[in-house]
Protein chains: 2
Amino acid sequence: MVELTRKQREIEKRTQEILRVAKPILVREGFHALSMDRVAAAMEYAKGTIYNHFPHKEEIVLALAIESMALRRKLFQTAAGWDAPHRVRLMAIGCACEFYTQHCSDDFAIEQWIRNVNVWDKSSTARQDLIRRCEGECMAIVSSVVHAGVASNELVLNQALTAEEFVFGFWAITFGSQILTASSPSLAAVGILDPRRAIRIHCCTLLNGYRWQPIMDTDAYLNRAEELSTSIQSEFSRVRAEHYTS
Amino acid sequence: MVELTRKQREIEKRTQEILRVAKPILVREGFHALSMDRVAAAMEYAKGTIYNHFPHKEEIVLALAIESMALRRKLFQTAAGWDAPHRVRLMAIGCACEFYTQHCSDDFAIEQWIRNVNVWDKSSTARQDLIRRCEGECMAIVSSVVHAGVASNELVLNQALTAEEFVFGFWAITFGSQILTASSPSLAAVGILDPRRAIRIHCCTLLNGYRWQPIMDTDAYLNRAEELSTSIQSEFSRVRAEHYTS
DNA sequence: TGAAAATTATGACGCCGCGTCAATAATTGA
DNA sequence: TCAATTATTGACGCGGCGTCATAATTTTCA
């Protein structure tokens, strides 16, 4: 029984090794470069052994995405736990998104791969469910902040929008801007020099538009965001470091 | 010389045929299913002939994306030409995005393929430039509406944002929500039942937040959007039909 | 018009990655 | 100790990529 457990642990450990080997290949050279033969060669195992762990490379990508999304969730939790007015806690989650995209850029890139239909459809429902769960948990963290804002009367949501639909707007604008920034050919050429600043301003306007207290003018918001971003950064870095060493 | 022209036209025509054959394969079965052998077989030409037209399949995808973006641009132009207050013209462009995503879903899907790093990086700079140009033109159409709004004093942009950065916010939220709607596992499960409606409300709030006249409350905006969407639809359909028959 | 030159079409070829599976090795249990 | 179970291996068949020598067609020009 002890021996069995040891063996099982070895196998589990190797699964992790596979992911460690695969991640830089996927991120730096793309999906096409990630081949089972190459992973096997890099680990000095036979290809068949790799197939004992993952039925195809798409499943490796999903497994990596699950890890990446777990890191995102931890950052969201850290941000949501910040001691500040609820509106500022939402801003902190925005900072978490910025941190994730900038300082966990490999994970950000991996998250995008699972939006590829081929990768998604080929994968097991078990891992798909894990992804969905993680996405739901991230959403729940943000929603809880909105609910807290409503509960404390800092935000009034009329019946037009649920808290989740409210969150969806910020999700869309943040996600959309980050994808465009990462993949749109030459934003600068069409006159968008500082997309992050522009999106911060839009989020401020949107929050003010919903009258989420305290109302802030653009300059106050940008200053607060910058200050917040700086002060919360070390927390994020710690969470990130812990995530990578576990 | 006449003969030469005839031959050249035949070749050009065949390039189009290749795109016609490739499009449904790419859209319905994905990038992996699009193989040069298959295109050649479907057209009853030898593979080498296909390679005379496109150096690899990535270039076919980019060529398809150029066509798709041209359709988007035409829809934007149609919307921007709508006879209405500038704020409503911007809404009309939003309707164009919705129409494109819903009723030109193949083209919408193709546009996303070029965000794939492998596809983009492998393609010729000539086609990349065409894409960039088309994206710039779309941006210019939307910007022109914003500039018109500013010129007519319906919108006041303080120095915090340029017109392009203003547009970027709507681009991000619209694009982001459409990508999430198309690719995010089970939005409904996390409580977002009608993403389009939610995003319309957010856009309304954002426009109101910037005080773009005429200010509309949520219900008025939703009604106006619905009405606009219906009345402009036949124009969009006409543009779409023309695009496909040319 | 007819033959040489230029252009275009063909598909077999070498290479690579996928996923399989029969054979082999290692581990377990009694 | 040895049979049963489990894990590992890598050769194999398949299919797609992109090439290129060869064949077919078209153009040029005398």
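So that the names make sense, note that chain A is the first sequence line, chain B the second, and so on, each numbered from 1.
The side chain of B/Arg14 places an N or O atom within less than 4.0 Å of a non-bridging phosphate oxygen (OP1 or OP2) of C/dA9.
Side-chain contact annotation: A/Glu98 with A/Ser229, donor-acceptor N/O pair under 3.5 Å absent. No hydrogens or angles considered: nothing links the side chains of B/His56 and B/Lys122 as a donor-acceptor pair under 3.5 Å.
Within a 6.0 Å radius of CZ in B/Arg14, more than 12 heavy atoms belonging to other residues, nucleotides or ligands are found.
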Only pairs under 3.5 Å count here: list side-chain donor-acceptor contacts from residues 17-24 of chain B, not counting sequence neighbours, and write none if there are none.
unit_1	atom_1	unit_2	atom_2	d
B/Arg20	NH1	B/Gln16	OE1	3.4
B/Arg20	NH2	B/Glu67	OE1	2.7
B/Lys23	NZ	B/Asp107	OD1	3.1

Exercise for the section: Decide yes or no on side-chain hydrogen bond (donor to acceptor under 3.5 Å, both in side chains) for A/Gln178 and A/Thr101, but give the supporting numbers first. Expected result: CA-CA 7 Å; A/Gln178 291 178 344; A/Thr101 304; 2.8 Å; yes
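Side-chain atoms of A/Arg115 and A/Trp120, non-hydrogen and from C-beta on, never get closer than 4.5 Å to each other. Between B/Arg240 and B/Tyr100, the closest side-chain pair of non-hydrogen atoms is not below 4.5 Å.
Sorted by residue number, the members of residues 52-60 of chain A with any non-hydrogen atom under 4.0 Å from DNA chain C read A/His56, A/Lys57. Near DNA chain D, meaning a heavy atom under 4.0 Å away, the residues from residues 20-49 of chain B are B/Leu34, B/Ser35, B/Met36, B/Asp37, B/Lys47.
Rounded to whole angstrom, the span from the OH atom of B/Tyr51 across to the P atom of C/dT7 amounts to 24 Å. The nearest whole Å value for the distance from the CD1 atom in A/Ile50 to the P atom in D/dA7 is 15 Å.
Distance alone, capped at 3.5 Å, places no donor-acceptor pair between the B/Glu164 side chain and the B/Ser143 backbone.
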